[in-house]
Amino acid sequence: MAKTTVSDLDLNGKKVLMRVDFNVPIKDGVVGDTSRIVGAIPTIKYVIEHGGKAVLFSHLGRIKSEDDKEGLSLRPVAEKLSELINKPVTFVPETEGKKLEDSVNDMNNGDILLVQNTRYEDVVDGENIKRESKNDPKLGKYWASLGDCFVNDAFGTAHREHASNVGIARAMEANNKPVAAGFLMEKEIKFIGGAVNDPKRPFVAILGGAKVSDKIGVIDNLLGKADKIIIGGGMTYTFYAAKGYSIGNSLVEKDKIDTAKEILQKGGDKIVLPIDSVVAPEFKNDAPTEVVGEDIPDGQMALDIGPKSIKLFEDVLRDAKTVVWNGPMGVFEMSNFAEGTLSVGRFLGDLKDATTVVGGGDSTAAVNQLGVADKLSHVSTGGGASLEYMEGKTLPGIASITDK
Ligand code: ADP
Ligand code: MG
């Protein structure tokens with residue numbers, strides 16, 4: 001079902017409540033990586049340029065006691081946002097009460113206001129009651145009462161049901177006020193939702209990363225949808241064990257060997273495994289490496305896919321019209337084991353007429369770090385959320401956006 005987006009809303013003169021993802025790293029009051037703030041700017045700009053009053057909500061970190069609050073104030077983020085968007089941003093250091101209400105009511109069209117960290121509501125009077133994180137409906141209702149409509153642009157928390165995303169949305173809808181996706185959210189729905197649920201074929205999934213156990217849901221869902229599933233990365237060797245190959249000291253989940261067998265049986269020739277690996281005696285970048293076939297020698301661990309596997313994967317990917325990729329092909333953090341991930345990333349970037357989508361926290365980090373992100377159709381901003389979306393789960397943050 002198509003979702004309402006911010007461009008469907010009448011924003012002029014409206015108090016537009018916005019859930020953004022400003023969960024950025026902050027050290028000693030200084031914001032580190034600003035990419036999440038930058039990512040929210042197009043939607044914020046659109047709202048203010050259309051005469052809306054942008055009232056921003058975000059969580060930051062985890063608050064378990066009163067002592068956590070000071071270090072997790074959003075004040076530095078308000079300052080950084082102001083600098084990046086080149087406009088004043090009013091920061092309200094509270095999440096509730098007259099000061100917040102007056103500040104919202106005093107806004108002019110085009111103003112921006114940032115509310116204190118929504119997780120301040122998790123600890124009230126010293127008690128860890130998780131009003132925000134457990135979606136206390138009263139809190140969502142209260143926040144919703146501050147505005148005229150709600151725009152959710154925080155894909156990174158879409159897999160969670162919190163007061164500041166789902167709570168506000170439900171309360172808004174109960175009052176017949178619109179709930180819309182921001183541009184970031186819209187893009188995630190279009191690319192991940194589109195690829196997984198309505199792919200152009202051939203549809204190839206590439207699944208790698210560390211553990212089979214983390215990826216069972218994704219494999220299960222995509223097994224029913226993709227035309228081919230390429231498996232790489234550390235989880236390869238649990239599949240190798242299932243096939244009876246020797247795996248040396250490679251990563252293996254012994255309790256998932258039976259699961260791997262079932263997946264292999266269910267998938268049949270849909271599943272493509274690496275045929276060679278780069279191995280080393282130690283988990284170190286400067287360890288001596290060699291390329292071996294499907295049996296990993298004793299005393300060696302497989303840390304990347306080998307050149308024949310890269311070639312094999314390229315042959316499978318060449319005609320793909322949709323590619324979903326989660327999980328690096330090797331230990332990309334070390335330059336000597338990054339080639340598999342880099343080659344697959346480059347090849348995807350050069351595919352013509354294909355929609356190429358990357359999701360997952362480390363996978364996103366990998367394509368960014370290796371410089372191949374720009375040529376892909378979509379690199380998700382949500383780690384856990386993108387995985388759950390690829391698993392075919394309904395994400396509460398998306399479900400609570402008004403259908404068109
Ligand atoms: P994502 O966060 O994108 O879902 P994962 O967390 O599943 O991805 O996997 C990423 C991790 O997998 C990386 O830290 C990478 O080093 C590790 N990895 C990939 N291949 C191997 C391997 N052959 N042996 C050990 N670890 C690996
Ligand atoms: Mg990860």
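Note that this is a predicted model, so its numbers are computed, not measured. The basis for the numbers below is simple: all heavy atoms, side chains too, and nothing from hydrogens, waters or symmetry mates.
When every heavy atom of Ile296 is checked against every heavy atom of Ser250, the shortest pair comes out as CG2-OG, 3.8 Å. What you find for Lys141 and Ala171 is that their closest heavy atoms are CA-CB, 3.7 Å.
Looking at Asp68, its side chain does come within 3.5 Å of a backbone N or O of Ser65 through a donor-acceptor pair. Using modelled atom types, one side-chain atom of Asp148 and one backbone atom of Lys15 make a donor-acceptor pair closer than 3.5 Å. In terms of modelled atom types and a separation under 3.5 Å, the side chain of Lys266 and the main chain of Leu223 share no donor-acceptor contact. For the pair Asp153 (side chain) and Met185 (backbone), a donor-acceptor distance under 3.5 Å is present. Checking side-chain atoms of Gln300 against main-chain N and O of Gly248 turns up no donor-acceptor pair under 3.5 Å. Under a 3.5 Å cut-off, the side chain of Tyr120 and the backbone N or O of Thr95 do not form any donor-acceptor pair. Counting only distance, with no hydrogens or angles, the side chain of Asn152 and the backbone of Ala181 share no donor-acceptor pair below 3.5 Å. No donor-acceptor distance shorter than 3.5 angstrom exists from the side chain of Asn135 to the backbone of Glu161, with no hydrogens or angles considered. Under the 3.5 Å distance criterion, the side-chain polar atoms of Ser309 are left unmatched by any main-chain donor or acceptor of Pro274. Side chain of Thr356 to backbone of Val323: no donor-acceptor contact under 3.5 angstrom is found.
Between His378 and the options Trp325, Phe155, Phe191, a ring pair (Phe, Tyr, Trp, His ring centres under 6.0 Å) holds for only Phe191. When each of Arg318, Lys228, Lys308, Met329 is tested with Phe313 by the rule side-chain contact (heavy atoms from CB on, under 4.5 Å), just one qualifies, namely Met329.
In this structure, a donor-acceptor pair under 3.5 Å is absent between the side chains of Tyr237 and Glu253. A side-chain N or O of Asn285 and one of Ser335 form a donor-acceptor pair less than 3.5 Å apart. No side-chain donor from either of Arg160 and His59 sits under 3.5 Å from a side-chain acceptor of the other. In this structure, a donor-acceptor pair under 3.5 Å is absent between the side chains of Lys53 and Asn108. Checking Ser386 against Glu188 by side-chain atom types alone, no donor-acceptor pair falls below 3.5 Å.
Once rounded to the nearest 0.5 Å, the distance linking CD of Glu339 with OG1 of Thr289 reads 11.5 Å. Atoms CD1 and CD1, from Ile37 and Ile44 in turn, are 9.0 Å apart once rounded to the nearest 0.5 Å. For the atom pair CG of Leu139 and CD of Glu121, the computed distance is 5.0 Å after rounding to the nearest 0.5 Å. Separation of atoms OG1 (Thr90) and CG (Asp111) is listed at 6.0 Å; rounding is to 0.5 Å. Atom CE of Met18 and atom OH of Tyr46 lie 11.5 Å apart (nearest 0.5 Å). The CD atom of Gln116 sits 5.5 Å away from atom CG of Leu74, with the distance rounded to the nearest 0.5 Å.
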Mind running side chain to side chain contact (heavy atoms under 4.5 Å, CB included) on Leu9 and His50 for me, showing each step along the way? CA-CA 10 Å; Leu9 301 185; His50 287 77; over 6 Å; no
Please step through side chain to side chain contact (heavy atoms under 4.5 Å, CB included) for the pair Phe347 and Val372, ending with a clear verdict. CA-CA 9 Å; Phe347 192 81; Val372 293; over 6 Å; no
Side chain to side chain contact (heavy atoms under 4.5 Å, CB included) between Lys352 and Lys321: does it pass, once the steps are laid out? CA-CA 8 Å; Lys352 301 267 175 292; Lys321 288 286 170 281; over 6 Å; no
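Applying the side chain to side chain donor-acceptor pair (under 3.5 Å) test to every pair with at least one member in residues 360-372, sequence neighbours left out, gives no pairs at all.
For Asp33, the CG atom is densely surrounded, since the number of other residues' heavy atoms within 6.0 Å is greater than 12. Counting heavy atoms of neighbouring residues, nucleotides and ligands inside a 6.0 Å radius, atom NZ of Lys187 exceeds 12 of them. The 12-atom threshold is exceeded at NZ of Lys225, counting heavy atoms of other residues, nucleotides or ligands nearer than 6.0 Å. In Lys45, the NZ atom is not crowded: 12 or fewer heavy atoms of neighbouring residues, nucleotides or ligands sit closer than 6.0 Å. Annotation: Lys190, atom NZ; neighbour count of heavy atoms from other residues, nucleotides and ligands within 6.0 Å does not exceed 12. Atom CD of Glu66 sits in a crowded spot, with more than 12 heavy atoms from other residues, nucleotides or ligands closer than 6.0 Å.
Side-chain contact between Thr4 and Val179 is absent, with no heavy-atom pair separated by less than 4.5 Å. Looking only at side-chain heavy atoms (C-beta outward), Asp122 and Ile129 stay at 4.5 Å or farther from each other. Between Thr322 and Val204 there is no side-chain heavy-atom pair separated by less than 4.5 Å.
Note: Phe337 and Phe332 fail the aromatic proximity criterion, with ring centroids not under 6.0 Å apart.
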